[in-house]
Amino acid sequence: MREVNELINVADPAWPLLLQELSGTGAGVEVLPGDAETGRACLLQLQVSARSNLGGIVLNCGGLLVDSGWLRIFGSPSDADAERPPGLAEINAMPATFDPAWPSGTGLVVAHDVLGGVFTLNGGNPRQAGRPGEPGEILYFAPDALGWQTLGAGHSAWLSWILSGGLQEFYQGLRWDGWRDEVSVLNGRQGLSFFPPLWSAEARQDLSATSRRAVPMAELLSLNRNSCLQFDGADPGFLGVV
């Protein structure tokens with residue numbers, strides 16, 4: 001186990017460069033205030049250094065809100081405000097003190113979107129966890145397809161893709177006129193429930209004709225998981241604790 005000071009005191013921390021990238025992005029990113037103590041504890045449990053973008057976010061901010069909060073990238077928030085997104089430690093049910101047996105093999109949930117989509121960083125043995133892709137690859141649980149998709153990128157490349165405007169193409173067909181107004185009024189623990197649901201033929205044909213309501217993200221994730229179990233019996237596994 002590496003001690004927390006060893007993880008923090010690196011010659012080339014990622015955060016200053018990431019701040020430059022954030023300031024130059026056209027994606028519309030809000031950097032949430034972080035808590036240093038929580039960030040240090042999270043970094044210690046993850047055993048990643050501040051040299052990585054993942055470590056930089058966890059250590060230095062409360063998370064990133066992208067596209068008016070459409071995407072919530074988790075960090076270490078400064079308080080337990082119910083209006084703000086939860087932290088990476090909470091989402092992944094990290095222990096309060098360092099536990100070398102923690103993580104499970106299912107990987108690390110790093111972001112949620114308002115549709116109930118989940119971005120996860122693969123663990124060391126994806127096959128054993130019932131996940132596609134390679135170790136260290138970002139996966140996406142797609143609520144319109146009710147399954148995991150490989151993205152072919154690690155965390156840093158995935159983050160750069162987001163900041164370069166990749167979400168616009170990624171969510172093509174899943175955004176409607178006026179989506180930004182609906183999303184911007186949600187709090188950090190809410191998502192949008194659709195009827196007919198996103199995976200239905202009706203929603204695929206005309207998304208703007210669906211009805212949408214704000215629901216707790218926990219309810220949305222549970223609904224998506226139950227839909228998977230109902231249709232093909234495939235459990236998507238851990239989607240995060242909200």
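Just so you know, these numbers use all the heavy atoms, side chains as well, and skip hydrogens, waters and symmetry mates.
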Quiz item: Taking the six-membered ring for Trp, are the ring centroids of Phe194 and Trp199 within less than 6.0 Å of each other?
Solution: no
Exercise. Check whether the side chains of Glu182 and Trp176 place a donor and an acceptor atom closer than 3.5 Å, and report yes or no.
Key: yes
Quiz item: Just wondering, do Phe238 and Thr120 contact through their side chains at under 4.5 Å, heavy atoms?
Solution: no
Self-check item: Salt-bridge present (Glu30, Arg84; N to O < 4.0 Å)
Solution: yes
Exercise. Applying side chain to side chain contact (heavy atoms under 4.5 Å, CB included), run through Met94 and Cys42 and close with a yes or a no.
Key: CA-CA 8 Å; Met94 286 186 190; Cys42 191; 3.6 Å; yes
Quiz item: Leu22 versus Leu163: any side-chain heavy-atom pair under 4.5 Å?
Solution: yes
Quiz item: Can you tell me if CG on Asp12 sees more than 12 non-hydrogen neighbours from other groups inside 6.0 Å?
Solution: yes
Quiz item: Below 6.0 angstrom between ring centroids: does that apply to His112 and Phe74?
Solution: yes
Quiz item: How would you list, by chain and number, every residue that makes a side-chain hydrogen bond (donor to acceptor under 3.5 Å, both in side chains) with Ser208, sequence neighbours excluded?
Solution: Asp206
Exercise. May I ask you to check whether Phe170 and Tyr140 place their ring centers less than 6.0 Å from one another?
Key: yes
Exercise. Keeping the roles fixed (side chain from Glu137, backbone from Glu134), state whether a donor-acceptor pair exists under 3.5 Å.
Key: yes
Quiz item: If we ignore angles and hydrogens, is there a donor and acceptor under 3.5 Å between the side chains of Ser68 and Arg180?
Solution: yes
Practice problem: Give, for atom CD of Gln168 and atom CG of Asp67, the distance between the pair rounded to the nearest 0.5 Å. | Solution: 8.5 Å
Self-check item: Backbone N/O of Asn5 and side chain of Asn9: donor-acceptor pair under 3.5 Å
Solution: yes
Practice problem: Following the transitive rule for hydrophobic clusters with a side-chain heavy-atom cut-off under 4.5 Å over Ile, Leu, Val, Met, Phe, Trp and Tyr, establish whether Met1 and Leu108 coincide in one cluster. | Solution: yes
Quiz item: Same hydrophobic cluster for Ile73 and Leu32, using side-chain heavy-atom links shorter than 4.5 Å among ILVMFWY?
Solution: no
Quiz item: How long is the gap from NE2 on His155 to OG on Ser160, to the nearest 0.5 Å?
Solution: 10.0 Å
Quiz item: Any salt bridge between Asp35 and Arg40, counting N to O under 4.0 Å?
Solution: no
Quiz item: Transitively linked via ILVMFWY side-chain contacts under 4.5 Å: Phe195 with Leu223?
Solution: no
Practice problem: Begin with the C-alpha distance, continue with both residues' side-chain angles, and end with the deciding distance and a verdict on side chain to side chain contact (heavy atoms under 4.5 Å, CB included) for Leu174 and Leu198. | Solution: CA-CA 8 Å; Leu174 291 172; Leu198 285 173; 4.1 Å; yes
Practice problem: Give a yes or no on whether the backbone of Gly133 and the side-chain of Arg127 come within a donor-acceptor separation of less than 3.5 Å. | Solution: yes
Quiz item: Are Val109 and Phe119 close enough that some pair of their side-chain heavy atoms sits under 4.5 Å apart?
Solution: no
Quiz prompt | Audit row: Leu167, Leu71, side chain to side chain contact (heavy atoms under 4.5 Å, CB included) steps and yes/no | solution = CA-CA 9 Å; Leu167 295 186; Leu71 180 68; 4.0 Å; yes
Exercise. Before accepting this row, confirm whether a basic side-chain N of the pair Arg72/Asp113 lies closer than 4.0 Å to the acidic partner's carboxylate O.
Key: no
Self-check item: Pro85 to Pro77 - nearest heavy-atom pair and separation
Solution: O-CG, 4.1 Å
Practice problem: Measure the CG-CG distance between Asp144 and Leu115 for me, rounded to the nearest 0.5 Å. | Solution: 8.0 Å
Quiz item: Side-chain heavy atoms under 4.5 angstrom apart, residues restricted to Ile, Leu, Val, Met, Phe, Trp, Tyr: same cluster for Val185 and Val114?
Solution: no
Quiz prompt | Test item: side-chain donor near acceptor, Arg213 and Ser211, under 3.5 Å | solution = no
Quiz item: Linking I/L/V/M/F/W/Y whenever any side-chain heavy atoms sit under 4.5 Å apart, do Leu17 and Ile162 land together?
Solution: no
Self-check item: Rounded distance [0.5 Å steps], OG1 in Thr210 versus CD in Gln205
Solution: 12.5 Å
Practice problem: Enter the distance from Leu88:CG to Gln45:CD here, rounded to the nearest 0.5 Å. | Solution: 11.0 Å
Exercise. I would like to know whether Val48 and Leu7 meet side chain to side chain contact (heavy atoms under 4.5 Å, CB included); could you show each step before the answer?
Key: CA-CA 7 Å; Val48 299; Leu7 297 170; over 6 Å; no
Going by atom type alone, with no hydrogens or angles, which donor-acceptor pairs under 3.5 Å involve a side-chain atom of residues 52-66 and a protein atom two or more places apart or on another chain?
| from | atom 1 | to | atom 2 | distance (Å) |
| --- | --- | --- | --- | --- |
| Ser52 | OG | Ser49 | O | 2.9 |
| Ser52 | OG | Gly55 | N | 2.9 |
| Asn53 | ND2 | Ser156 | OG | 3.3 |
| Asn60 | ND2 | Gly56 | O | 2.9 |

Exercise. Please examine the side chains of Arg189 and Pro86, heavy atoms only from C-beta on, and report whether any two atoms are closer than 4.5 Å.
Key: yes
